[in-house]
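Just so it is clear: chains get the letters A, B, ... in the order the sequence lines come, proteins before strands, and each one is counted from 1.
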There are 4 protein chains.
Amino acid sequence: MARGVNKVILIGNLGDAPDVRYTPNGNAVANLSLATSESWKDKNTGQPVERTEWHRIVLFGKVAEIAGQYLHKGAKVYIEGKLQTRKWQDQQGQDRYTTEVVVDINGQMQMLSGQNDGGAQSRADQQASAYQPQAGRSDGAKQYQQASGSSQKQPPAAQVAGGFDDSFDDDIPF
Amino acid sequence: MARGVNKVILIGNLGDAPDVRYTPNGNAVANLSLATSESWKDKNTGQPVERTEWHRIVLFGKVAEIAGQYLHKGAKVYIEGKLQTRKWQDQQGQDRYTTEVVVDINGQMQMLSGQNDGGAQSRADQQASAYQPQAGRSDGAKQYQQASGSSQKQPPAAQVAGGFDDSFDDDIPF
Amino acid sequence: MARGVNKVILIGNLGDAPDVRYTPNGNAVANLSLATSESWKDKNTGQPVERTEWHRIVLFGKVAEIAGQYLHKGAKVYIEGKLQTRKWQDQQGQDRYTTEVVVDINGQMQMLSGQNDGGAQSRADQQASAYQPQAGRSDGAKQYQQASGSSQKQPPAAQVAGGFDDSFDDDIPF
Amino acid sequence: MARGVNKVILIGNLGDAPDVRYTPNGNAVANLSLATSESWKDKNTGQPVERTEWHRIVLFGKVAEIAGQYLHKGAKVYIEGKLQTRKWQDQQGQDRYTTEVVVDINGQMQMLSGQNDGGAQSRADQQASAYQPQAGRSDGAKQYQQASGSSQKQPPAAQVAGGFDDSFDDDIPF
DNA sequence: TTTT
DNA sequence: TTTT
């Protein structure tokens, strides 16, 4: 149930491969960095200007797994989610805020790239609804087991067995 | 022109009266704080839980003026805009980022509150398209002349003549 | 799953009370007539012009029951659904097509009218997700048991017991 | 200005090449047939089922010209427009209604197909805002000069000079 | 048939 | 960090 509407619709390209991790109970969580851009003519100079906006996307559940399997750097994607700002502490203990587009069971992710546009593991037009996350997103996200490199398709158990990625242990979660 | 889609749709209630300021060349800029909330039953306890999300909205041009004139604390509003993250420096000189929903000429603002729901200056269902902002939003926003108290309807010139609100001079722009 | 996106977002006022009926297995189906309007200045005469668009909305499941209980003529409503065109035959046996906005489990309905705006049974800000319909919408819709008059809140069994509305037996389903 | 919100968002594939015509005063009008589809498992048989929905899209102005130039059968497209139902008379003089998604100055069209996906004249990711139509859409649309075959890029004058397509003169406008 |  |  909701009082109000909180909806985000994006179409853009991934700046990098999805970062897929797993919660202790085996739920996938994928973080995407998505670019949208607009261009216009400068009013004074008449010169074309381009501005790119980078969006932080968080997928939960099945849609996160699909993202890990089929999305790649540069892939064009449709995202429907909701805005959510989470609070975290930096190294100085100061409060910081990060706004993300969360795609859960009520959201949607859809691949728009054709199968011939550069990504080895791309498959066209796949789509899925997201599962409800078992729990809210953690501030530091450190409890998620990172899918290491090419093994993102492994089942969660295997992920847990796979070692913890130390680079994950930084203070700033983005 | 755009490559990609960047769209946000919100319906919520204002946490406070709009904060309307003016650029040196007389363009209105309004900042709104908008709440959307969702509730669900906790899976373990079965207890109802509610989470409120606060959104930072920035209106430009005519729609900003209308917001200043007709919106009030608690007003229910429909917002259609785009996501934009701006960078600013805190007192320690560290980079900080704030994500806002920007309503410009391509966006929309619409009042949903009836005339009988508490706001002295509310008028129902007013709507307008936003003018294109003359320039991008500033990081610290300090160049905007703040509309002091009840004088928000004054023309920009009067605003410039009106004194500068010192409380505006803090380091954190939200 | 879907290939493509099919989404409609409307905010408007009901032209009449919802028409709620029940399928043989007890699922509620509500039909709404929703008006949205836009106004502009005629380019030649400079006179203000207004155009009202009427939308046919079909709600399934729980959201249909809520509509029957709390919505009333004139109520302001937010609708999120999908476009669907269904085929039916007129009295001459000719194919006809009607396009509707269908609100199912993936859609949303939200009341925007305050409690003081005229509807006896209105309650503010109620919202719900729709249940998946048991089956697709019928062309002629004749198998739905009509909720007669004020008894729309009765359980389906009572509806079935209540007499059949003969005016429902016409050839044109809208 | 508007009281209410009337918005449609679609991503789908064209069932045929765009049909581009010109008004007497030279404004382009393009009609598209766009398919979206969804699939699910039948509850009883467990068999996968697919349903395709066909949408009638009408583009006005510059976006109509771009559609004529760059879109082709099968192209994947993002559409943002509004619902509009127009009335017309069939050969028996009976009223008929057709619902379309109208993309005008407030809407958007964006090509999502890559340049390698089969269309001779496709160019990727072009986008444009639509011009406001000079006048409302006609019921029968017969006053539009049809762009004959490969000459869709010709200027309106040439179109007017080019012969009238007789097949256009039927009674049913879709 | 709604709403302002 | 993407895309055209």
Side-chain angles (χ1 to χ4, degrees), chain A residues 10-19 31-39 48-57 71-79 111-114 117-119 122 174, chain B residues 1-6 66 70 78 85 110-116 122-128, chain C residues 10-19 31-39 48 50-57 71-79 112-114 117-119 122 174, chain D residues 1-6 66 70 78 85 110-116 122-128:
Chain A
L10 302 171
I11 297 177
N13 299 281
L14 295 194
D16 208 344
D19 173 22
N31 283 269
L32 310 181
S33 190
L34 186 83
T36 58
S37 49
E38 36 180 356
S39 59
V49 200
E50 177 161 330
R51 178 189 156 91
T52 293
E53 191 67 36
W54 287 98
H55 308 273
R56 302 174 51 75
I57 317 290
L71 291 183
H72 55 91
K73 181 174 178 171
K76 189 184 287 297
V77 173
Y78 168 87
I79 289 289
M111 308 188 205
L112 299 173
S113 301
D117 68 10
S122 170
F174 67 98
Chain B
M1 208 179 333
R3 256 201 324 293
V5 170
N6 177 358
I66 292 171
Y70 300 112
Y78 169 86
T85 298
Q110 194 152 339
M111 307 188 205
L112 299 173
S113 301
Q115 56 275 69
N116 306 322
S122 170
R123 214 169 70 183
D125 296 321
Q126 179 88 13
Q127 189 236 34
Chain C
L10 302 171
I11 296 177
N13 298 282
L14 295 194
D16 208 344
D19 173 22
N31 283 268
L32 310 181
S33 189
L34 187 82
T36 58
S37 50
E38 38 180 356
S39 58
E50 177 162 332
R51 178 189 156 90
T52 292
E53 190 68 36
W54 287 97
H55 309 273
R56 301 174 50 77
I57 317 290
L71 292 183
H72 56 93
K73 181 174 178 170
K76 190 184 286 296
V77 172
Y78 168 86
I79 290 288
L112 299 173
S113 301
D117 66 11
S122 169
F174 67 96
Chain D
M1 207 179 334
R3 256 202 324 292
V5 170
N6 178 356
I66 291 171
Y70 300 113
Y78 168 86
T85 298
Q110 194 153 339
M111 308 187 204
L112 299 173
S113 302
Q115 56 274 70
N116 307 321
S122 170
R123 214 168 73 183
D125 297 321
Q126 180 87 13
Q127 188 236 35

* Under 3.5 Å, is there an N or O donor on one side and an acceptor on the other linking the side chain of C:Thr52 and the base of E:dT1? -> no
* Would you mind reading off the distance between C:Ile57 atom CD1 and E:dT1 atom C1', rounded to a whole angstrom? => 14 Å
* Between E:dT1, F:dT1, F:dT2, which one does the side chain of C:Asp16 approach most closely? -> E:dT1
* **Donor-acceptor pair (no angle test) under 3.5 Å: C:Thr36 side chain, E:dT2 base** => no
* Asked: The side chain of A:Ser33 lies closest to which of these nucleotides: F:dT1, F:dT2, E:dT3?
  -> F:dT1
* **Distance, rounded to the nearest Å, where A:Arg51 contributes CZ and F:dT4 contributes C1'** => 18 Å
* **Value in whole Å for how far the P atom of E:dT2 lies from NZ of C:Lys73** => 5 Å
* Between F:dT2, F:dT4, E:dT2, which one does the side chain of B:Arg3 approach most closely? -> F:dT4
* Asked: Roughly how many Å is it from CG in C:Leu32 to P in E:dT1, rounded to a whole number?
  -> 18 Å
* Minimum-distance nucleotide (side-chain atoms of C:Ser37 versus F:dT2, E:dT3, F:dT1) -> E:dT3
* Value in whole Å for how far the C1' atom of F:dT2 lies from CG of D:Leu112 -> 15 Å
* Atom CG of B:Asn6 and atom C1' of F:dT2: how far apart are they, to the nearest Å? -> 14 Å
* Is any side-chain heavy atom of A:Glu53 closer than 4.5 Å to a side-chain heavy atom of B:Asn6? -> yes
* Take the protein atom CD of A:Glu53 and the nucleotide atom C1' of F:dT2, then report the distance between them rounded to whole Å. => 13 Å
* Gap between atoms CD and P, on D:Gln110 and F:dT4 respectively (whole Å) -> 12 Å
* **Spacing of A:Arg56 atom CZ and A:Leu32 atom CG [to the nearest 0.5 Å]** => 10.5 Å
* **Closest to the C:Trp54 side chain, choosing from E:dT2, F:dT1, E:dT4** => E:dT2
* Can you sort out the partners of D:Thr85 under side chain to side chain donor-acceptor pair (under 3.5 Å), two or more places apart, ordered by chain and number? => D:Thr99
